[in-house]
There are 4 protein chains.
Amino acid sequence: MSQYSGSESSAIEERSGPKTERGRRTLRRLLDAAAEEFGARGYHETAISSITQRAGVGLGTFYVYFKSKEEVFRALVADMGARTRHALAESTREAPNRLEAERLGIQAYLDFVRSHKALYRVVMEAQFVAPEAYREYYRTFSAAYRQQLAQAASRGEISEGQDDEVRVWALMGASTFLGLRYGVWDDGADTASVAEAASDLMINGLAPRAKNGDAS
Amino acid sequence: MSQYSGSESSAIEERSGPKTERGRRTLRRLLDAAAEEFGARGYHETAISSITQRAGVGLGTFYVYFKSKEEVFRALVADMGARTRHALAESTREAPNRLEAERLGIQAYLDFVRSHKALYRVVMEAQFVAPEAYREYYRTFSAAYRQQLAQAASRGEISEGQDDEVRVWALMGASTFLGLRYGVWDDGADTASVAEAASDLMINGLAPRAKNGDAS
Amino acid sequence: MSQYSGSESSAIEERSGPKTERGRRTLRRLLDAAAEEFGARGYHETAISSITQRAGVGLGTFYVYFKSKEEVFRALVADMGARTRHALAESTREAPNRLEAERLGIQAYLDFVRSHKALYRVVMEAQFVAPEAYREYYRTFSAAYRQQLAQAASRGEISEGQDDEVRVWALMGASTFLGLRYGVWDDGADTASVAEAASDLMINGLAPRAKNGDAS
Amino acid sequence: MSQYSGSESSAIEERSGPKTERGRRTLRRLLDAAAEEFGARGYHETAISSITQRAGVGLGTFYVYFKSKEEVFRALVADMGARTRHALAESTREAPNRLEAERLGIQAYLDFVRSHKALYRVVMEAQFVAPEAYREYYRTFSAAYRQQLAQAASRGEISEGQDDEVRVWALMGASTFLGLRYGVWDDGADTASVAEAASDLMINGLAPRAKNGDAS
DNA sequence: AATGAATGAGCATTCATTCAT
DNA sequence: AATGAATGAATGCTCATTCAT
């Protein structure tokens, strides 16, 4: 996974946001509180009142900023998408080639997940709470990813492959699961080693390696 | 993904199941109805009454067979695990080697998901509804998968790899995402082609292929 | 409290009881189980199934012996009444006079309650579960008690009093509360001392005692 | 029974009660409705919806003021305790001595019960619904009562007695039963006569009275 | 902008009772 | 006589959302 694209700028303070400074701060507090609550307890176990309490505002205030419970959730998913893409773009900016970018991207992703567990969970749960937001998340992601692969292939950095959409989904799936396994569940593992082992698989595959004197 | 292991026999008629034939049928009806409802509407949107109605039994009957809503859900997840492992084991039984088994396994998985969308969704949602069941699902799966890889490596069919746990999770993630993308969302695609493209990536990786006259 | 009257013989195996020995044993088991469950958990917290389980019979069997949950309960209340009256009658049989009978009766009652906490609770709860049975319990009791007082008064053993119904209810209330306080709650206290102190009050009242040389 | 003590002020508007006047009124309505419903039908036969309907508020409103069905019940028991103690304190305020206070207290209690049948029932049922509240009710009551007796004894108004705890429980039991018999069941009787007869027993006991020329 | 009292639809769960075997 | 599967009425409680202030 790597390079981003798509809408940026936190994806949140869209539509005619709050006018006052106070309003902006309240919004941010609500968003942060929502991310923590949803991340910790999940969508259905989270009550709006727990969000407003954590944010330190009145219950009614929530509805000044969001139309519904689902809306904050969607905003969070979009935000997570933008942030993830941003983090990955940063991490691979200096990569000399795509293969190296893959390795860097995987590690960056693991680190990112590990430090944003709540958001990771929010995205995963979006599959059930806001399916459209979930699809949009991966649509944007895969589009950018495909572009990266296509360019790399044209530069000869990676093989042509039979179907980039398939490759992209396989790669996203691999990273996502590793994110769950090593970013969320087992956050003690060394992400560099994991990324190393994972990129080795993604780059070289399962097939037995040609030995040194193999290609005489 | 392939070969299974772990508890067998549908994982359901556990603890002192129904004694009578009638009881067994009622249980099966309830389980099937639950799978369909949970699969179609999701855990939280599904009411017990909708399950019993679909099953054609009284509301109270549900509680004769299950302690709670969560319990059926968990039973379903376990059932899904056993069934998936069984389907994969069957599909790869005849594979001449692991690389071929991977290709067969992927396709079988896609086909299985496509014909069991409801159960696929149940498993995914388990992450939020019954986290322990979800982890158990992958724990069992990955253990069997690791064993397959280890044996294949010892036979020289695949490379040794740096960390089988990492490889297994990357492979499970890839298949799972492809299952979502091509099994659930886009169920018109040709699974054989997808499996072909996917296994090509998993087997050979992204790295450029050595051309014939490449090694001068 | 003392001497009994009213229907005897356990009050239970009335109406055409079970014909077989097996049936009689099942009935007794159900009754005992019901007394223990109702006594321990209370009427509403007790499920018929818990009674049948404790009795070691099938759920349906309960309805072979009782028409409803309330019916066992009523049977138990009646049984308790008979037993209590019996115990008190026994305890006061040898009393030389009514004042002494009061003391003996109180102590016997405390001891009885202490060794039949479950039944004590059943009777108290009858006030809300089976009001008619509760009233009947005290109607029978007070009638016998009044008769005792009347006879004692005619013998000059106690004062005439203004209204025996009032005296009887006051005395029953006193004993009942002492039964709760010292029989159920504080079952470590010495019942003899309590009975001594209580009968002193009931016999001599609160008024200051005439000193020796008081009556010049 | 007489003189009170313990927490005062209706015991209800405790923990951060409603802020607005409207809120306070809603709370009071709910409390009154609950007392009537519980008193008329009993705890288990009373549905929250019947309380809110009687109070003229929405169902959910109940849970704005109370955490659970049991909580209102407990609040009612506490309230009843405070009110009863208040009524008795008032009635005996002018009593010239303890013996007279007893008589006044009994009558006041009977009158109070008669005009608060619902609350009387609530307290009695608390024994099974909220045992702790029930014990607390009598703990507070008996403590105050004991103090009254001790002071009276030191003033020579009543005998010393062997055990004031026993005396107090006997007296409370007597009054309580008379309250049931003449306050709840038979509300046509003349409470003054009953109180007179009862206090005669409590003050002078059952023992034969010394006649004038008795001590020849 | 902020608030919190009020609302009621919605749902999981319990359990006494029936009845076919 | 004994059983236990089946039933559905009944109800406590939650919580997103509204709206008057």
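Chain letters run A, B, ... following the sequence lines, proteins first, then strands; residues in each count from 1.
Among the atoms of the strands shown, none is found under 4.0 Å from any heavy atom of A:Thr52. At a threshold of 4.0 angstrom between heavy atoms, the contacts of A:Thr20 with the nucleic acid are absent. Note on D:Thr46: only backbone sugar-phosphate atoms sit closer than 4.0 angstrom, heavy atoms only; bases stay farther off.
Within the 4.5 Å cutoff, side-chain heavy atoms of B:His44 are placed close to those of B:Val129. D:Thr52 is not listed as a side-chain neighbour of D:Thr61, based on a closest heavy-atom distance of 4.5 Å or more. Within the 4.5 Å cutoff, the side chain of B:Leu31 has heavy atoms near those of the B:Phe66 side chain. A heavy-atom distance below 4.5 Å is found between the side chains of B:Ile51 and B:Thr46.
The 12-atom threshold is not exceeded at CD of B:Glu45, counting heavy atoms of other residues, nucleotides or ligands nearer than 6.0 Å. Within a 6.0 Å sphere centred on CZ of A:Arg41, heavy atoms belonging to other residues, nucleotides or ligands number more than 12.
Summarising the geometry, the separation between CD on D:Gln53 and P on F:dG12 is reported as 12 Å, rounded to the nearest angstrom. In this structure, NE2 of A:His44 is placed 12 Å from C1' of F:dA16, rounded to the nearest angstrom. Nucleotide F:dG12 holds its P atom 4 Å from the NZ atom of D:Lys69, rounded to whole Å.
Taking every nucleotide of DNA chain E with any atom under 4.0 Å from a non-hydrogen atom of chain A, the first and last of them, 5' to 3', are E:dA1 to E:dA5.
Salt bridge absent: A:Glu71 and A:Arg74 never bring a charged side-chain N and a carboxylate O closer than 4.0 Å.
Between D:Gly23 and A:Gly23, the one whose closest nucleotide on DNA chain E sits nearer the 5' end is A:Gly23. Summary of the strand contacts: D:Tyr43 and B:Arg22 both lie near DNA chain F, and taking for each the nucleotide with the nearest heavy atom, the more 5' one is attributed to B:Arg22.
Ring orientation note: the planes of D:Phe128 and C:Phe128 are nearly perpendicular, at an angle over 60° on the 30°/60° scale. Ring-plane geometry between D:Phe73 and D:Tyr43 is classed as perpendicular, the angle between the planes exceeding 60 degrees on a 0 to 90 degree scale with a lower cut at 30.
Less than 4.0 Å separates DNA chain E from at least one heavy atom of each of the following residues of residues 57-68 of chain D: D:Val57, D:Gly58, D:Leu59, D:Gly60, D:Thr61, D:Val64, D:Tyr65.
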*Convert the base pairs of DNA chain F into dot-bracket notation, remembering that pairs crossing earlier ones are written with [ ] and that bases paired across to another strand are shown as |; include only Watson-Crick or G-U pairs under 3.5 Å.*
.||||||||||||||||||||
